[in-house]
Amino acid sequence: MEKLRHSPEDLTCRSERTGFYSQGVWCAATLHWPASPCQGERPAILMVHGWGGIQNALTVPFYEEFTRAGFVVMTFDYRGWGESAGLPRQTISARQRLRDADAALAFLKSQPGVDPLKVVIWGSSFGGGHAVELAADHPELAGVIAQVPMLDGIATVRAVPPLRLLRFALYCLADLFKPGKPIYIPVVSEPGAFSSMDRDDAHKALVLAERSLQRRYDNRVAARSLLTMGPYRPFKRLKEIRVPTLLLGASEDTVAPFVESAIRAANNPCIRVERVKANHFEPYFEPVFSEVIGKQLEFLRSLNLIREVRREQSVA
């Protein structure tokens, strides 16, 4: 884990800040457009962030590569996170986030210059689980990419040391029954320190993400959010998927273990499985990033979307 391939200083894409409403709550979003002009509508990618993800945290190299390939890319902040409205702040509910992602998808499809029939979902970590559910709910999608996806909350919980689980339980109970503002814990920390994630170079990823954001990250999550993890098992919906889907797992992931046996058991011909030798956070950084983005761009090429864009650009 050395560096991010791209930083905000060397981007070629044109970014346009915007937003949408999800159940009456305003969510901040950004549309990233390719630098080269194009006649007609472009294919697009909706990026669905992970557990503590906000816009530009670790995703900059991905949307830069996707826009260079000819896609419009949209990032957004879930309600209560980043630049979005919503209270309480920094609280996670899997079902609420899916509703936000649904609203983001509808907004992206409505944008002038975007082909609503050529939209791909890209989700990572906890957002990778959301990508699987969106794939099952939206058979009209052109494709789905789920990177280091959290597919089985039970497997994720089992990967946590018992004493840490007990401490989590105590904080969750206190947060649920305490009146007023939530009780917060760090999203990530150095190995051995208390947080929702301290493994797989999580803290190093935070340091590099802050460089990308060019500001401090609000490193806290409401303790009650941990209760959403165990019951969340999007792998159960793998059989329902009817769109081309790439599941890209990391063989040394201890944050969201890649449950390949459950994926194979679904026996769904629409699902393609790829692996990289890495932990949970290494795919965001070089040198693993190069391997990961290569696999994702090859998958996108198999959907015949990039080739169409390049042909339109040559006409323009």
Side-chain angles (χ1 to χ4, degrees), residues 20 22 27-30 32 44-63 66 73-84 86 90-105 107-108 119-138 141 143-153 155-156 187-188 196-197 200 202 205-206 209 212 217 221 225-226 228-229 231-235 237-238 241 243 245-250 253 255-259 280-284 289 292-293 296 299:
F20 60 92
S22 175
C27 294
T30 308
H32 307 279
I45 296 174
L46 174 65
M47 302 193 80
V48 184
H49 303 299
W51 178 256
I54 58 174
Q55 295 187 82
N56 287 352
L58 304 182
T59 55
V60 172
F62 288 96
Y63 69 65
F66 293 147
V73 180
M74 191 175 103
T75 58
F76 72 97
D77 289 327
Y78 299 110
R79 70 181 76 181
W81 287 78
E83 297 178 356
S84 291
Q90 311 289 111
T91 300
I92 296 172
S93 160
R95 293 300 145 208
Q96 182 174 282
R97 286 193 162 188
L98 276 169
R99 289 191 284 269
D100 293 346
D102 259 325
L105 177 60
F107 177 76
L108 176 58
V119 175
V120 174
I121 299 292
W122 182 98
S124 190
S125 191
F126 201 56
H130 304 339
V132 166
E133 295 217 73
L134 290 167
D137 290 337
H138 294 276
L141 290 169
V144 171
I145 298 172
Q147 171 183 290
V148 292
M150 203 297 291
L151 297 176
D152 185 359
T156 298
V187 176
V188 300
S196 67
M197 291 183 289
D200 289 15
L206 170 62
S212 176
Y217 168 69
V221 59
S225 304
L226 297 168
T228 200
M229 183 63 71
Y232 190 53
R233 311 186 79 188
F235 81 88
R237 304 202 64 192
L238 291 173
I241 293 175
V243 300
T245 299
L246 172 63
L247 300 182
L248 199 159
D253 192 337
V255 173
F258 193 50
V259 287
H280 188 73
F281 287 99
E282 286 176 318
Y284 298 98
F289 174 83
V292 166
I293 196 65
Q296 295 180 12
F299 171 74

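Qualifying side-chain hydrogen bond (donor to acceptor under 3.5 Å, both in side chains) partners for W81, counting only residues two or more places apart in sequence or in other chains: none. With sequence neighbours left out, P257 forms a side-chain contact (heavy atoms from CB on, under 4.5 Å) with T156, A159. Residues satisfying the side-chain hydrogen bond (donor to acceptor under 3.5 Å, both in side chains) test with T59, not counting sequence neighbours, are none. For F107, the ring-ring contact (aromatic ring centres under 6.0 Å, His included) test picks out F20, with sequence neighbours left out. For Y284, the side-chain hydrogen bond (donor to acceptor under 3.5 Å, both in side chains) criterion is met by S124, not counting sequence neighbours. Qualifying side-chain contact (heavy atoms from CB on, under 4.5 Å) partners for T30, counting only residues two or more places apart in sequence or in other chains: S15, R17, H32, Q55, T75. In this view, D102 and L134, H138 satisfy the side-chain contact (heavy atoms from CB on, under 4.5 Å) rule, not counting sequence neighbours. Listed by chain and residue number, nothing satisfies the ring-ring contact (aromatic ring centres under 6.0 Å, His included) test with F258 (two or more places apart in sequence, or in another chain). Under the rule for a ring-ring contact (aromatic ring centres under 6.0 Å, His included), F299 has no partner lying at least two apart in sequence or in another chain. Legend: residues meeting side-chain contact (heavy atoms from CB on, under 4.5 Å) with A155, ordered by chain and number and at least two apart, are D152, V259. H49 pairs by the side-chain hydrogen bond (donor to acceptor under 3.5 Å, both in side chains) definition with nothing, not counting sequence neighbours.
Between P283 and F289, the closest side-chain pair of non-hydrogen atoms is not below 4.5 Å. Counting heavy atoms from C-beta outward, I121 and I145 have side chains that stay 4.5 Å or more apart. No side-chain heavy atom of V48 sits less than 4.5 Å from a side-chain heavy atom of F126. Here the side chains of V132 and L151 are in contact, with some heavy-atom distance below 4.5 Å.
Distance check, rounded to the nearest 0.5 Å: NE2 of H130 to OH of Y78 gives 4.5 Å. Between F281 atom CZ and L58 atom CG the span is 7.5 Å, to the nearest 0.5 Å. In this structure, the separation between CE on M47 and CG on L108 is 12.5 Å, given to the nearest 0.5 Å. Atom CZ of F62 is separated from atom CD1 of I293 by 5.5 Å, given to the nearest 0.5 angstrom. Within the model, atoms CG of L238 and CG of L247 stand 6.5 Å from one another, a figure rounded to the nearest 0.5 Å.
By the 30° and 60° cut-offs, the orientation of the rings of F66 relative to W122 is perpendicular.
Considering every non-hydrogen atom in both C27 and R79, the closest pair reads SG-N, 4.0 Å. Scanning both residues, W51 and I92, for their nearest heavy atoms gives O-CD1, 3.1 Å. Closest approach of A135 and V144 over heavy atoms only: CB-CG2, 3.5 Å.
Checking side-chain atoms of D77 against main-chain N and O of G82 turns up no donor-acceptor pair under 3.5 Å. Side chain of D200 to main chain of A202: no donor-acceptor pair is present (N/O by atom type, distance under 3.5 Å, no hydrogens or angles). Put simply, the side chain of T228 gets close to the backbone of A94: a donor and an acceptor are under 3.5 Å apart.
A salt bridge (charged side-chain N to carboxylate O under 4.0 Å, His left out) check over residues 128-137, counting only residues at least two apart or in different chains, returns the pairs R95-E133, E133-R237, D137-R237.
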